[in-house]
Amino acid sequence: MKNNIIRKIYREQDLERIQTRIDMLGKKAKFDATTFINLQLLSSLIVFLIVLYCSKHAYIFAPAITLAWYYTYSYIVLTKPLKERIRKLDHEALYFFEILTLTLESGRNLENSLEVTVANVQSELSDEFKRSLLEVHFGKSLLEALEDMKKRIPSETVNNIILNITQTNIFGNSILDTMYNQIAFLRDKQILEIKGQINKIPNKISIVSVLFVVPLIMMLILGPFILNFLG
């Protein structure tokens with residue numbers, strides 16, 4: 001009954017879009033699209049009633065606060081965890097694909113190399129490849145399993161690497177050359193991110209100085225004059 005009501009309020013493509021984002025949460029996905037929307041609407045209703053009860057000008061504040069909470073709930077439960085997972089997967093990618101490349105250099109094919117790599121690397125990215133290899137064990141082709149894996153990965157960086165791997169496998173190009181290029185790209189990307197974080201440090205120091213250091217210095221300089229004036 002609840003599902004029918006939700007499907008009348010939300011379009012099917014909107015539900016599919018939300019479910020796709022939930023699937024990208026990986027192990028953190030403890031709910032489906034219908035549960036997410038039910039909790040979002042229920043919590044928004046509770047916020048509306050609380051503001052309505054507590055505020056003297058509820059007719060002004062209640063709709064605005066409820067709408068703000070509606071989008072805040074989506075950010076807290078879905079958007080923020082997705083951003084955190086993207087950062088985590090991007091961080092894990094370099095080490096995982098370096099180990100995969102070393103395994104490929106030993107002469108193994110892609111599937112065997114993945115099996116060796118996931119057995120020796122413990123990470124969320126490794127867990128996703130384990131799931132794909134399990135799907136291969138139950139009848140899917142490796143390419144099909146990797147294509148399905150891309151739907152569970154929110155990181156464009158990782159998905160581009162998977163795409164390059166599958167395309168190389170299809171057209172028979174050298175997978176080692178592809179992996180060397182992808183590892184070089186990941187290293188350059190990490191260096192640029194570190195440089196970006198370093199470049200932000202002066203701005204953060206400036207903000208701290210303006211908020212805390214400058215007022216303290218002004219108090220030390222002007223303090224004696226103020227005391228003399230009051231005395």
Side-chain angles (χ1 to χ4, degrees), residues 3 12-13 15-37 39 77-187 189-190:
N3 289 354
E12 193 66 32
Q13 53 264 40
L15 291 172
E16 291 177 359
R17 177 176 54 81
I18 293 171
Q19 186 60 52
T20 299
R21 297 184 71 198
I22 292 172
D23 292 339
M24 288 181 180
L25 290 175
K27 294 180 179 179
K28 295 179 181 178
K30 305 297 183 182
F31 49 87
D32 58 12
T34 303
T35 303
F36 171 82
I37 292 172
L39 292 174
V77 176
L78 200 53
T79 304
K80 186 178 178 181
L82 270 177
K83 289 181 178 179
E84 291 174 352
R85 188 162 194 250
I86 290 171
R87 285 194 294 268
K88 188 172 185 179
L89 291 172
D90 286 349
H91 179 73
E92 295 172 349
L94 179 58
Y95 180 69
F96 180 88
F97 289 114
E98 281 180 335
I99 300 300
L100 177 61
T101 302
L102 289 173
T103 311
L104 287 166
E105 286 176 345
S106 67
R108 294 180 172 87
N109 61 28
L110 178 59
E111 186 175 340
N112 289 336
S113 296
L114 284 171
E115 289 173 350
V116 172
T117 304
V118 300
N120 291 278
V121 178
Q122 301 299 320
S123 65
E124 277 197 35
L125 184 57
S126 180
D127 290 341
E128 290 294 345
F129 276 101
K130 282 180 185 176
R131 179 175 172 181
S132 295
L133 290 171
L134 187 63
E135 291 173 353
V136 172
H137 178 73
F138 283 105
K140 280 188 179 180
S141 70
L142 180 60
L143 294 180
E144 289 175 339
L146 291 176
E147 283 296 320
D148 289 341
M149 176 182 167
K150 286 167 58 181
K151 299 174 184 177
R152 305 191 302 267
I153 299 292
S155 168
E156 290 185 9
T157 300
V158 175
N159 279 338
N160 285 334
I161 295 174
I162 296 172
L163 176 63
N164 285 319
I165 290 174
T166 55
Q167 291 297 313
T168 299
N169 218 25
I170 290 172
F171 295 110
N173 299 326
S174 172
I175 192 167
L176 276 175
D177 289 341
T178 298
M179 294 310 302
Y180 292 146
N181 292 333
Q182 296 306 315
I183 288 172
F185 168 75
L186 288 171
R187 285 174 179 160
K189 185 172 181 291
Q190 281 197 2

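The model shown is predicted, which means the values in this text are computed figures rather than measured ones.
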The reported gap from CD1 in I175 to CD1 in I165 (rounded to nearest 0.5 angstrom) is 5.5 Å
If you count every heavy atom of other residues, nucleotides or ligands that lies below 6.0 Å from E156 atom CD, does the total exceed 12? no
Side chain to side chain donor-acceptor pair (under 3.5 Å) filter on T101, not counting sequence neighbours, yields none
Residue pair L104 / L110: nearest heavy atoms and the distance that separates them: CD2-CA, 4.1 Å
Kindly write out the residues that satisfy side chain to side chain donor-acceptor pair (under 3.5 Å) with T157, not counting sequence neighbours, or none if the list is empty. none
Any side-chain heavy-atom pair of V158 and E128 under 4.5 Å: no
Checking side-chain hydrogen bond (donor to acceptor under 3.5 Å, both in side chains) against T178, which of N164, T168, N173 comes through? T168
From D32 atom CG to D23 atom CG, the distance as rounded to the nearest 0.5 Å: 9.5 Å
List in chain and number order the residues that pass ring-ring contact (aromatic ring centres under 6.0 Å, His included) with F97, two or more places apart in sequence or in another chain; answer none if no residue qualifies. none
V118: side chain to side chain contact (heavy atoms under 4.5 Å, CB included) partners, not counting sequence neighbours: F96, S126, F129, K130, L133
To the nearest 0.5 Å, tell me how far R131 CZ sits from E135 CD. 6.0 Å
Not counting sequence neighbours, which residues clear salt bridge (charged side-chain N to carboxylate O under 4.0 Å, His left out) with R21? List them please. none
Within this structure, what is the OG1-NZ distance for the pair T35 and K30, rounded to the nearest 0.5 Å? 13.5 Å
Minimum heavy-atom distance between E124 and E92, given as atom pair plus value: N-OE1, 3.2 Å
Can you tell me how far apart CG (N109) and OG1 (T103) are? Round to the nearest 0.5 Å. 11.5 Å
Should E147 and K150 count as side-chain neighbours, where that means a heavy-atom distance under 4.5 Å? yes
First locate atom NZ of K88, then atom OG of S155, and finally report the distance between them rounded to the nearest 0.5 Å. 13.5 Å
Considering non-hydrogen atoms only, spot the tightest contact between M149 and S132 and give its length. CB-OG, 3.4 Å
Excluding sequence neighbours, so at least two apart, what forms salt bridge (charged side-chain N to carboxylate O under 4.0 Å, His left out) with R87? none
Stepwise side chain to side chain contact (heavy atoms under 4.5 Å, CB included) check, D148 with K140: CA-CA 10 Å; D148 289 341; K140 280 188 179 180; 2.3 Å; yes
Of all heavy-atom pairs linking A29 and I22, the shortest is CB-O, 3.3 Å
